[in-house]
Every structure is written in C-alpha cells, then in structure tokens.
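Okay, so here's the structure we're looking at.
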Amino acid sequence: MPPTPTPAADPDRPCPHETFDAYVAVNRITRSDDDPTVIGYSADIKVNCRDCGEPFRWTGLKAGLSPAHPMCSLDETVMSAPLRPASADPDFGLGLPGFSVGYQPGP
C-alpha cells in the first residue's frame, strides 16, 4: 500500500497546532574526510505539527551555517546550532568556517 501523503494546510479550517514532533540530528564535524579528528558538533532541529504535518519556521535567524551561533536553512525549517560537550573549552569549534546568505533588494 503506498504511503499516505501529508495533508496540506487548509486556511479555511486551520489546525490548532496542539501536538508536535521534533527531529534532532547531532553531527560530529571532523577535520577532513581523511582525518577523523572531531573539531566541532552541531545539532540540526526541525519541528512539525503532529496533527497536520505543517513544518514550523525558525524566526530571528539568518540563513546559513556558523560555528559560533545558530542559523537556519534557506526555507527556515531547520535550525543548525553549534554545541559542545560541557567539559570542552568555551572556544571549542570556533575555528570552523561558515557562511551566511544575505538579501539586498534591487534598484
């Protein structure tokens, strides 16, 4: 039996969004493909309404990836947040490269 597609949000009968599913993936960042030394960690977090399946969007975050502060995916549905073990130095992972996406309206 084929899987049932996720129902679309119905603006005439909005879901009250009372229950949620959170998906978290913790990533180990290594120096390179050839060097398995762990140089940082990050958590990717996505939240959906359990009842209607609608994804939630992160607010107040820039799109991109940073080892210093949380950022979100281009569609704002996944937050990537750097983290470190409690026993690690406070500057652990801060030497990692990152990127951000900016928008400037045209003339």
With sequence neighbours left out, the residues meeting side-chain hydrogen bond (donor to acceptor under 3.5 Å, both in side chains) with Ser32 are none
Would Met71 and Ser80 count as a side chain to side chain contact (heavy atoms under 4.5 Å, CB included) if you check the C-alpha gap in whole Å, the side-chain angles of each, and the deciding distance to 0.1 Å? CA-CA 5 Å; Met71 297 187 87; Ser80 293; 5.6 Å; no
Donor-acceptor check, side chain of Thr77 to backbone of Arg57, threshold 3.5 angstrom: yes or no? no
Stepwise side chain to side chain contact (heavy atoms under 4.5 Å, CB included) test for Ser42 and Ile29: CA-CA 8 Å; Ser42 70; Ile29 303 168; 4.3 Å; yes
Is there side-chain contact between Val38 and Arg28, with at least one heavy-atom pair below 4.5 Å?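 They are in side-chain contact.
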Looking at side-chain heavy atoms only, is the closest gap between Glu76 and Pro55 below 4.5 Å? no
Apart from Tyr23 itself, residues in the same hydrophobic cluster as defined by side-chain heavy atoms under 4.5 Å: none
Can you list the other members of the hydrophobic cluster that holds Phe20, where links are side-chain heavy atoms under 4.5 angstrom apart?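 Val24, Val26, Ile45, Val47, Phe56, Trp58, Leu61, Met79, listed by chain and number.
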Can you list every salt bridge (charged side-chain N to carboxylate O under 4.0 Å, His left out) pair that touches residues 29-38, not counting sequence neighbours?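 Salt bridge (charged side-chain N to carboxylate O under 4.0 Å, His left out) check on residues 29-38 returns Arg31-Asp35.
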Selection residues 39-48 - residue pairs positive for salt bridge (charged side-chain N to carboxylate O under 4.0 Å, His left out), sequence neighbours left out: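 Sorted pair list comes back empty.
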Value rounded to 0.5 Å, distance of CG in Asp21 from SG in Cys49: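 It is 8.5 Å, given to the nearest 0.5 Å.
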Could you give the distance from NE2 (His69) to NZ (Lys62), rounded to the nearest 0.5 Å? 7.0 Å
